[in-house]
Protein chains: 2
Amino acid sequence: MLQSLNNLTENTKIEPCNQNCSYCFINYSEVLIRNPLFRGLSNNEVGNLIRDIHHQVKTLHKNDILAIEGDSLDNLIIILEGSVVGDMMDFEGNILRIEKILAGNTIASAFIFGESARLPVTITAQEKTHLLFIQKEELLMLFTKNKIFLKNFLDIISDRAQFLRKKIRLLGLNTIKGKIAFYLLEMVKKSGSQKLILPHTQNEIAEMFGVTRPSVGRVFRELHNDRSIIANGKKVVILDKFRLSDLLRSD
Amino acid sequence: MLQSLNNLTENTKIEPCNQNCSYCFINYSEVLIRNPLFRGLSNNEVGNLIRDIHHQVKTLHKNDILAIEGDSLDNLIIILEGSVVGDMMDFEGNILRIEKILAGNTIASAFIFGESARLPVTITAQEKTHLLFIQKEELLMLFTKNKIFLKNFLDIISDRAQFLRKKIRLLGLNTIKGKIAFYLLEMVKKSGSQKLILPHTQNEIAEMFGVTRPSVGRVFRELHNDRSIIANGKKVVILDKFRLSDLLRSD
DNA sequence: TAATGATTGTAACATATGTTACATAATTTC
DNA sequence: GAAATTATGTAACATATGTTACAATCATTA
């Protein structure tokens, strides 16, 4: 942990780009083009947008901590390569994992403005990760220069709000069994199959919902015993999708 | 309930304004001026902004339902007078009260854009309420015309995101005792006194946190018994603020 | 003011979840 | 491939919370 913080100081120093940087455009244009922030803009337009602003690139190594929940947030942060996770933690060490964020997405974009712009979560790199930073003021300038860019940003923010809404609903209205049912149904949706190899350990699932690992195991056992699923470690076969849906106290 | 829906159809019909409406400006400029959306703009500028766009005013009576969670959201909605509450409900009738919103504020502003712009909560009037609607497309136009307006909107959205973040933290990392402690400490902060007359029934508090009313009563009793508070109906005296803080698994 | 409805207090019991500990199996590292 | 580490399964017990019910008190209405 202390070592990670040291790494942060030494190896993740911001590399400022100059005014007409082509490094980012050449190296990351593919990623940026795919970013929802630039949807509907041509390569040329994206290039111009980036070149016109002061941007910075930062590299994180696996397990590096970019910032702590509550740190001030003055930039839009785009993941160029790699992935990070966002966690909430309390002083007893309990972890609530909010999200894993992949390359091509932005970090905490809904939190950049406001009377006190602070990071909602602690950001940790899951692997070697490259991040592009755009200062808030530059961002505002881009909004006035390009309406599509502005609309894209607003769309992203509202999608993020929907994500937070879903989280609140899940945490506020569901039992652990409901939460696991939600998780399994999401995995089915993602993989398009009732036969799953879960991409998370029970511990990770527990962190997603702010519960304990043995409780996660217990719920899997109960679902197995009442024939909603066949559970064998990470291998899960969904037997009764409707019964899972019924566990989910949704709309 | 059915009666409320009928009321919605008959008495809350949108009153469209014409192109140069001065009705809204004359009647609601005081409220609008105070709205964070118009912060830093002169009366003149606010008047011009409103007059230039197609806006509508809608009236709700007490207990009228404006819209159901999941309904499509095509407008920015500003509360001119009155107040509403936003609730999430599941199919078993459990209610999670997200917020009471007062005049001078906007409803679900963070959710207006996005790939599927939908209301995050069911909106119910607490009293007779006047709402101003600005269509999404008009809003976008206003952003390009007035940078201050755009910045204000972005600030509001980020404040809303912070609100949602806090909600998630509270729901995901706290026991009922922690949630009540949070509630009491918030009331102390609002009133500036350790002697409180709570503005909510136990049932309302239960809805705020998605728990049951007897559990709320139990927690009050336990806090009373361990001398953190003196609780006598809605009258609460905080005896040990630090012990309450300790119950709150916060940062 | 009396009646009615809403709120609060609380008990007994049931259910859900956390805690702790240990054994076994699976995966990763050297 | 062996050793070390991590993940999973699970039990026993403790604690937190929900459910149901009823009595007492308070607030509102006629």
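Computed from a prediction, not measured in an experiment: that's the story for all the values here.
For A/V219 and B/E204, each mapped to the nucleotide of DNA chain C holding its nearest heavy atom, the one lying further toward the 5' end belongs to B/E204. Judged by closest nucleotide on DNA chain C, A/R218 is the one of A/R213 and A/R218 placed further toward the 5' end.
Summarising the geometry, the separation between CD1 on A/I197 and P on C/dA26 is reported as 13 Å, rounded to the nearest angstrom. Look at CG on A/N174: it is 13 Å from P on D/dG18, rounded to the nearest Å. To the nearest angstrom, C1' of D/dT15 lies 14 Å from CD1 of A/I176. Spacing between atom CD of A/Q202 and atom C1' of D/dT6 amounts to 12 Å, rounded to whole angstrom units. Rounding to whole angstrom units, CD of residue B/E207 and P of D/dG18 are separated by 13 Å. The CZ atom of A/R221 sits 8 Å away from the C1' atom of D/dA11 (whole-angstrom rounding). Straight-line distance from the CD atom of A/E222 to the P atom of D/dG9: 13 Å, rounded to whole Å. Look at NZ on B/K179: it is 13 Å from C1' on D/dG18, rounded to the nearest Å.
Between the side chains of A/T129 and A/E81, no donor N or O sits under 3.5 Å from an acceptor N or O.
Ionic pairing of A/E99 and A/R160 is present here: one or more N-O contacts between side-chain nitrogen and carboxylate oxygen are shorter than 4.0 angstrom.
Looking at the side chain of A/T175, the nearest of the listed nucleotides C/dT7, C/dT19, C/dT17 is C/dT17.
Other residues, nucleotides and ligands contribute over 12 non-hydrogen atoms within 6.0 Å of the NZ atom of A/K234.
Of the side-chain N and O atoms in A/K177, none sit less than 4.0 angstrom from OP1 or OP2 of C/dA16.
Nucleic acid contact for A/T212: base, since at least one base atom lies under 4.0 Å from a heavy atom of the residue.
A/Y183 places a side-chain heavy atom less than 4.5 Å from the side chain of A/L198.
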